[in-house]
Amino acid sequence: MSSQSGARFITFEGIDGSGKSTQARLLAEHLSAAGHDVVLTREPGGSPGAEEIRRLVLEGDPDRWSAETEILLFTAARRDHLERVIEPALKAGKVVISDRFADSTRMYQGLSRGDLRAVVDKLHALMIGREPDLTFVIDMDPETGLARAKGRNGTEERFEDFGTGLQRKMRAGFLALAAEFPGRCRVIDGARPAEAVARDVAAAADRALG
Ligand code: ADP
Ligand code: TYD
């Protein structure tokens with residue numbers, strides 16, 4: 001019926017350098033051209049307060065925070081982003097596209113240092129309590145992703161610096177996550193030209209938006 005229906009909260013997930021930001025932008029352009037009111041956002045960040053937390057977690061000494069503190073910081077950033085940006089936009093009938101969301105915490109904090117997935121899930125249930133309607137898992141081999149990520153400049157090296165070992169674990173983790181949430185997750189082969197990936201993403205989003 002109206003634009004209120006369908007899958008309006010869409011997220012992109014996958015390893016660093018897999019093309020999430022590129023695909024999120026291309027999908028935003030595609031849906032805007034189709035007449036949707038689109039909010040393109042990202043995590044960590046997406047609201048002024050959450051962007052401040054982003055700087056705390058992604059810059060500086062990698063050992064600055066324990067794994068547990070990191071879960072709290074990413075979740076605090078997400079709560080602010082949800083309250084101030086995502087929920088108001090969804091209530092106003094907009095489509096929200098977020099470059100990463102809670103699945104990233106399930107993977108990076110839940111798997112990378114010990115097995116803290118249960119802690120991540122508990123905190124998520126308590127403080128976020130919302131899943132996307134549609135999640136694109138952009139899949140590719142870690143070498144390609146890492147080479148692409150290294151091609152960018154910047155001070156936010158922290159997780160990329162863990163190297164291909166962690167990236168391999170994350171890739172497997174994201175594929176397992178897609179199997180865990182088959183209702184909302186679509187695995188997309190990201191090792192192709194951006195336009196080809198974007199065509200698959202757009203087709204799936206069009207179907208889901210109805
Ligand atoms: P992510 O957000 O997943 O880290 P980006 O979208 O920032 O990934 O892409 C990482 C780098 O790879 C960027 O320099 C981008 O221009 C480039 N890139 C993105 N998609 C593709 C693609 N399909 N093929 C080749 N290079 C790509
Ligand atoms: P992002 O800017 O998306 O990096 P990239 O474009 O390289 O994929 O995210 C920055 C880093 O933050 C990335 O290495 C993944 C990490 N991250 C977490 O560890 N936990 C989280 O909950 C989120 C959202 C991101």
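We use all heavy atoms of the structure for the numbers below, so side chains are in, but hydrogens, waters and symmetry mates are not.
- By the ring-ring contact (aromatic ring centres under 6.0 Å, His included) test, F136 pairs with F12, sequence neighbours left out.
- Not one N or O on the side chain of E13 forms a donor-acceptor pair closer than 3.5 Å with the backbone of I138.
- Partners of I53 by side chain to side chain contact (heavy atoms under 4.5 Å, CB included), not counting sequence neighbours, listed by chain and number: L73, A76, A77.
- L134 approaches A205 most closely through the heavy-atom pair CD2-CA, 3.9 Å.
- The backbone N or O of S98 sits nowhere less than 3.5 Å from a side-chain atom of K20 that would complete a donor-acceptor pair.
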Using side chain to side chain contact (heavy atoms under 4.5 Å, CB included), reason through V119 and K122 one step at a time and then give a plain yes or no.
CA-CA 5 Å; V119 175; K122 272 188 200 155; 5.9 Å; no

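- For residues 131-143, the salt bridge (Lys or Arg N to Asp or Glu O under 4.0 Å) pairs, not counting sequence neighbours, are R106-E131, E131-R184, D139-R171, E143-R168.
- Separating the CG atom in L116 from the OG atom in S66 is a distance of 9.0 Å, to the nearest 0.5 Å.
- Taking CD1 from I15 and CG from L166, the interatomic distance works out to 10.0 Å, rounded to the nearest 0.5 Å.
- Atom CG of D121 is separated from atom CD1 of I71 by 10.0 Å, given to the nearest 0.5 angstrom.
- Rounding to the nearest 0.5 Å gives a distance of 8.5 Å between CZ of R54 and CZ of F74.
- For S47 against V85, the heavy-atom pair with the smallest separation is CB-CG2, 3.9 Å.
- Within the structure, salt bridge (Lys or Arg N to Asp or Glu O under 4.0 Å) pairs that include any residue of residues 196-210 comprise R192-D200 (at least two apart or interchain).
- E195 meets the salt bridge (charged side-chain N to carboxylate O under 4.0 Å, His left out) test with no other residue; sequence neighbours excluded.
- Residues satisfying the side chain to side chain contact (heavy atoms under 4.5 Å, CB included) test with E29, not counting sequence neighbours, are R25, L26.
- I128 pairs by the side chain to side chain contact (heavy atoms under 4.5 Å, CB included) definition with T75, R78, R79, L82, F101, H124, not counting sequence neighbours.
- For T11, the side-chain hydrogen bond (donor to acceptor under 3.5 Å, both in side chains) partners are T135, not counting sequence neighbours.
- Look at E51 and R42 and you find a salt bridge, because one of the NZ, NE, NH1 or NH2 atoms lies within 4.0 Å of a carboxylate O, short of that distance.
- Minimum interatomic distance between Q109 and E70 (heavy atoms only, all atoms of both residues): NE2-OE1, 3.2 Å.
- Residues satisfying the side-chain hydrogen bond (donor to acceptor under 3.5 Å, both in side chains) criterion with Q23, sequence neighbours excluded, are absent altogether.
- Taking each heavy atom of V197 and D189 in turn, the nearest pair found is CG2-O, 3.6 Å.
- Evaluation of the side chain to side chain contact (heavy atoms under 4.5 Å, CB included) rule for R84 yields D80 as partners, not counting sequence neighbours.
- Remark: S21 pairs with D99 by the side-chain hydrogen bond (donor to acceptor under 3.5 Å, both in side chains) rule, at least two apart or across chains.
- Residues in residues 188-210 take part in no ring-ring contact (aromatic ring centres under 6.0 Å, His included) pair, two or more places apart or across chains.
- Pairing each heavy atom of R64 with each of E59, the nearest pair is NH1-O, 4.1 Å.
- Remark: R100 engages D16 in a salt bridge, criterion side-chain N to carboxylate O under 4.0 Å.
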